[in-house]
2 protein chains.
Amino acid sequence: MKLTGNLLIGAREIAATAGSMKALNPALNVEIEPLFAFGGIEEVNRAAQLADDAFDSYGATSLPERADFLERIAEGLDVITPELARRASLETGLPVAQLEGEAAKSALQFRQFSTVVRQGRFRQATIDRAQPERQPRPRMDHRMQKIGFGPVAIFGASNFPISYSVAGGDTASALAAGCTVILKAHNGHPGASEMMGRVIQQAVKDSGLHEGVFSLIRGSGNEIGEALVDHPLIKGVTFTGSEAGGMALFRRAQQRPDPIPVFTEMTSVNPTFVLPAALAARGATIGDGFAERMLVTVGQACLKPAILLAIDGDGYFELKEAMISRVEAMQARTMLTPGIFTAYRKNVERQSHAGARRIAVGGEPESAWDGQSVLFEVDGERVLESPSLSEEVFGPAALLVRVRDVEQLIAIAKQFRGQLSATMQIESADHALAASLLPLLERRTGRIVINAFAHPQEVAYASIHGGPFPATSDSRFTSVGMSAIERFLRPVCYQGFPDDLLPEALRQNNPRSIWRLTDGEFSKA
Amino acid sequence: MKLTGNLLIGAREIAATAGSMKALNPALNVEIEPLFAFGGIEEVNRAAQLADDAFDSYGATSLPERADFLERIAEGLDVITPELARRASLETGLPVAQLEGEAAKSALQFRQFSTVVRQGRFRQATIDRAQPERQPRPRMDHRMQKIGFGPVAIFGASNFPISYSVAGGDTASALAAGCTVILKAHNGHPGASEMMGRVIQQAVKDSGLHEGVFSLIRGSGNEIGEALVDHPLIKGVTFTGSEAGGMALFRRAQQRPDPIPVFTEMTSVNPTFVLPAALAARGATIGDGFAERMLVTVGQACLKPAILLAIDGDGYFELKEAMISRVEAMQARTMLTPGIFTAYRKNVERQSHAGARRIAVGGEPESAWDGQSVLFEVDGERVLESPSLSEEVFGPAALLVRVRDVEQLIAIAKQFRGQLSATMQIESADHALAASLLPLLERRTGRIVINAFAHPQEVAYASIHGGPFPATSDSRFTSVGMSAIERFLRPVCYQGFPDDLLPEALRQNNPRSIWRLTDGEFSKA
């Protein structure tokens with residue numbers, strides 16, 4: 001696919017109006033071709049107007065039409081996977097094989113949301129039939145379905161440059177909901193972004209949809225993102241990235257004359273609790289597994305296990321040695337961007353200053369943005385005194401907490417802010433302690449894992465990638481999994497409607513045979 | 001029931017710490033006994049700590065335990081209905097019979113949410129079974145349920161002093177979700193608030209629950225509300241009232257270090273579109289029905305039909321005459337509070353200044369806070385020029401818009417801000433026009449009614465009392481109906497859990513036989 005570096009505003013290509021950039025190959029620390037256009041307020045205005053113009057007709061697509069469109073995007077991703085992974089690898093330093101996996105996950109997500117659309121259950125169709133004989137007054141027929149709430153702005157993530165970027169889960173779930181999308185591409189991988197943007201643009205065309213269903217925009221600095229968040233025609237925002245970046249967008253959107261929903265997925269240390277019997281039985285295996293997971297994708301995953309808590313006792317030594325071995329054996333690898341590299345180095349220093357002991361370091365850096373792996377150890381007391389030790393270090397670092405006893409373990413658990421996930425390693429003898437930790441973890445995390453690690457994340461019906469603040473800005477939603485679509489839906493009730501005016505999902509004969517709740521019971525009738 | 005005027009903080013009664021007040025009988029413009037205590041920051045802190053302390057155990061109640069608790073509140077409301085309605089009538093000027101209806105609705109809502117809890121469908125239990133043979137790697141067992149997100153602050157509404165106040169739908173749905181509640185009582189009806197608070201306090205005790213499940217607090221000015229919204233242990237807020245009040249709370253909560261969900265239900269003019277064939281066939285009937293609904297509860301209902309749009313033509317004269325007749329025949333009646341009365345008078349003047357013609361006035365006021373009914377008429381052009389004409393006038397006033405043609409009707413429809421409801425009056429010949437208006441209304445309203453009026457609101461599974469801003473602060477939720485519970489729920493995923501550690505809703509044998517989604521299909525197995 002030839003890259004032009006243009007913005008994709010509806011069906012049109014727009015050359016630079018506000019400067020341009022080249023991508024950086026972080027492994028070689030050199031810029032790569034071509035020039036990528038920056039847009040400005042004009043382009044935001046045009047894309048937002050198109051997204052609004054397209055909303056009614058796109059929202060009115062039938063379930064099969066919309067499902068076919070999502071399937072077409074998946075097929076387009078399949079076709080470009082090899083070149084997409086190569087380009088993304090050049091732009092991020094991540095291995096091609098890993099990025100091919102991401103592309104496969106992206107296509108899978110579009111296929112899964114195609115299925116979600118075809119099933120129609122996301123409409124949450126609900127019917128309360130008329131009760132003409134009811135006293136003291138009759139009940140009219142009431143029917144409810146969920147529809148997309150309007151055009152949304154999606155900020156591409158940097159750390160998964162394919163599966164949570166332009167053609168990522170946010171885009172798939174927003175389009176599935178019936179929302180039109182303006183994608184603000186991350187400048188860390190502009191070429192990969194353009195490739196995915198073109199696949200979606202082509203699928204819009206091939207599906208005969210209004211061009212405004214999708215636009216891809218890019219800008220320097222924060223201006224273009226702010227313009228998107230402020231735009232009166234934009235009705236929702238999603239973002240994956242840092243707490244500072246996410247909260248800036250969130251607070252800005254809440255200051256609009258009409259505040260809009262903003263879902264930001266921000267920060268999590270995904271604590272792992274190794275309970276005593278598991279520690280004694282499998283200390284080395286757990287330590288090795290933890291360190292393996294923490295180092296995946298240079299520790300730049302939102303689900304990286306970053307903190308391991310274990311009560312000092314049988315198995316602790318073996319656990320620690322296994323962690324040290326794996327960290328020491330890991331070579332330094334290129335981080336995603338110079339900015340992420342710099343922040344990583346600063347945060348590693350922060351941990352040292354806060355009293356964490358550096359007990360293992362990986363291989364020496366060989367090029368400019370190579371991240372060196374680091375394992376810290378600290379005593380439980382210190383974590384209770386310095387809660388900042390429990391803050392995320394984005395990159396290949398982790399913290400082993402040597403806990404004194406169960407009381408201290410519980411005290412530390414209570415101190416955690418909101419998390420995407422938590423893990424417990426347990427044996428049968430640990431069940432009672434696990435049961436007493438469970439309510440603490442339920443209040444603080446979106447997903448609790450037993451005897452595995454939180455990364456990687458399944459994408460299925462029960463998947464939750466969410467959690468209390470600051471894991472996300474709204475604990476009621478998830479950004480991964482089939483229910484990610486709920487972020488973009490709002491209910492509409494139709495009262496007293498003749499059948500021919502009802503939307504398809506609510507018609508008497510249930511033409512698509514979707515699951516509906518009728519008078520309190522589910523059926524496909 | 002003897003009123004003490006005390007605050008109810010958990011199981012305790014707290015006397016005034018920050019001044020006190022008496023209720024006003026607005027019909028007679030005299031204060032009535034007893035003194036009602038104001039609390040301050042200390043009481044907020046204590047109630048919030050109790051609500052947090054109670055959260056884990058209350059959240060862990062079984063479905064039948066929680067359902068029984070809600071049923072107990074309903075029974076308590078049944079018992080006090082006569083004296084509750086009498087006291088509320090003294091404090092609001094609303095008729096006793098109407099308030100008995102409200103009390104019945106309150107009890108009904110607690111019974112309905114008791115059923116919702118017993119059914120357990122609100123858990124949205126979802127199971128993706130393990131796939132140990134899956135390639136390239138096995139899938140672990142994933143299960144998801146929804147739980148309450150934490151202690152919530154609920155601001156009692158003034159206009160429905162029973163059914164949307166202390167024992168209103170917000171309280172019922174929050175308690176059903178498993179959230180603990182701090183109720184900030186409205187100072188418009190402190191005695192009725194105390195009565196309902198005591199019913200809930202007693203039900204907490206009789207159910208053997210932690211005292212912190214419910215507290216009732218009261219304060220002067222905004223300080224106590226702000227302290228609640230700011231409190232770190234409070235995890236959500238609901239509010240029903242003015243746009244200014246709701247947005248102040250909303251924006252304040254979004255400025256917390258950890259923003260929390262705030263659902264405010266604020267303002268709506270509930271436009272009624274009378275399409276040409278319906279106007280010709282039933283102009284007088286529609287005009288009469290509209291005016292009857294607009295005058296209910298002295299026009300102080302969030303679902304009051306406040307604007308009627310009709311294209312000038314056959315039936316328009318009859319419609320207008322019928323509206324005029326009913327408005328002129330209506331006597332002036334006491335409004336809820338002096339503040340609401342004053343705002344009403346000011347807003348009626350605003351409509352006149354904006355160019356609306358006063359075509360009917362009701363009977364003259366006989367006492368200080370009597371609201372006189374007013375009907376305005378205005379041409380469509382004027383509404384397009386002065387969008388402020390479409391803003392709410394809280395009280396017994398409405399606006400008849402004489403529309404030139406279909407194009408103008410659509411232009412006005414596009415100009416409306418978000419609404420709780422909209423109504424279309426149609427005959428068969430109007431279906432094509434209704435179908436073309438429908439997407440405009442879907443984008444702007446939470447409920448669309450055909451050939452009826454939006455008030456009163458059914459409370460059932462498909463009920464929606466929500467809508468785009470400024471009808472509410474989050475169009476994805478409703479404050480009335482069975483799905484109001486969703487405002488207070490967040491998902492938690494359990495991955496790889498042994499059966500004995502799973503919450504009841506997700507156990508293998510489905511002990512309560514609730515609806516669950518297993519591998520994408522609903523069943524009670």
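In what follows, every chain begins at residue 1, and chains take the letters A, B, ... in the order their sequences are listed.
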Output the option from A/Arg487, A/Gln145, A/His465 having the highest count of non-hydrogen pairs under 4.5 Å with chain B.
A/Arg487
Over all atoms of both residues, closest heavy-atom pair of B/Ala462 and A/Asp128
N-OD2, 2.7 Å
When you compare the side chain of B/Asp52 with that of A/Arg443, does any pair of heavy atoms fall below 4.5 Å?
yes
Pair listing, salt bridge (charged side-chain N to carboxylate O under 4.0 Å, His left out) test, anchored in residues 444-459 of chain A, at least two apart:
A/Glu458-B/Arg134, A/Glu458-B/Arg137
Taking heavy atoms only and a threshold strictly under 4.5 Å, list by residue number the residues of residues 419-428 of chain A that touch chain B; give 'none' if the list is empty.
A/Ile426
Distance-minimising heavy-atom pair for B/Ile448 and A/Phe497
O-CE1, 3.3 Å
Check each atom of A/Leu517 against the heavy atoms of chain B and say whether the ones under 4.5 Å are side chain, backbone, both or neither.
side chain
For the residue pair B/Phe522 and A/Phe522, categorise the inter-ring angle as parallel (less than 30°), tilted (30 to 60°) or perpendicular (more than 60°).
parallel
Heavy-atom contact with chain A under 4.5 Å, split by part of B/Lys235
neither
Looking at A/Arg139, A/Met144, A/Arg251, which one has more heavy-atom pairs under 4.5 Å with chain B than the rest?
A/Arg251
Engaged part of A/Pro470 at the chain B interface, taking heavy atoms whose separation is under 4.5 Å
neither
Contact origin within A/Phe149 toward chain B - heavy atom pairs under 4.5 Å
side chain
Can you tell which part of A/Leu501 gets under 4.5 Å to a heavy atom of chain B, answering side chain, backbone, both or neither?
both
For A/Val492 and B/Glu442, work out which heavy atoms get closest and say how close.
CG2-O, 4.0 Å
Which atoms of B/Gln124 are under 4.5 Å from chain A, going by heavy atoms: the side chain, the backbone, both sets, or neither?
side chain
Do any N or O atoms from the side chain of B/Arg476 and from the backbone of A/Glu486 form a donor-acceptor pair under 3.5 angstrom?
no
Could you pull out the closest heavy-atom pair between B/Ser475 and A/Arg490, with the gap in Å?
O-CB, 3.1 Å
Write down the atom of A/His431, the atom of B/Asp500, and the distance for their closest heavy-atom approach.
ND1-OD2, 2.7 Å
Could you check B/Gln119, B/Arg121, B/Lys524 and say which one makes a side-chain hydrogen bond (donor to acceptor under 3.5 Å, both in side chains) with A/Glu521?
B/Lys524
Can you say whether B/Thr478 sits under 4.5 Å from chain A via the side chain, the backbone, both, or neither, judging by heavy atoms?
neither
Below 4.5 Å from any heavy atom of chain A, which atoms of B/Met482 appear? Answer side chain, backbone, both or neither.
neither
I'd like to verify something: which residue of B/Gly520, B/Ala452, B/Gly496 has the highest number of heavy-atom pairs under 4.5 Å with chain A?
B/Gly520
Note: vs chain B, highest number of non-hydrogen pairs under 4.5 angstrom among A/Ser473, A/Pro498, A/Ser463 is A/Pro498
Do B/Tyr461 and A/His142 pass the side-chain contact (heavy atoms from CB on, under 4.5 Å) test, and can you show the C-alpha distance, the side-chain angles, and the key distance before you say yes or no?
CA-CA 9 Å; B/Tyr461 296 107; A/His142 284 64; over 6 Å; no
Residues of residues 255-263 of chain B within contact distance of chain A, non-hydrogen under 4.5 Å
B/Gln255, B/Arg256, B/Pro257, B/Asp258, B/Pro259, B/Pro261
Not counting sequence neighbours, which residues clear salt bridge (Lys or Arg N to Asp or Glu O under 4.0 Å) with A/Arg143? List them please.
A/Asp141
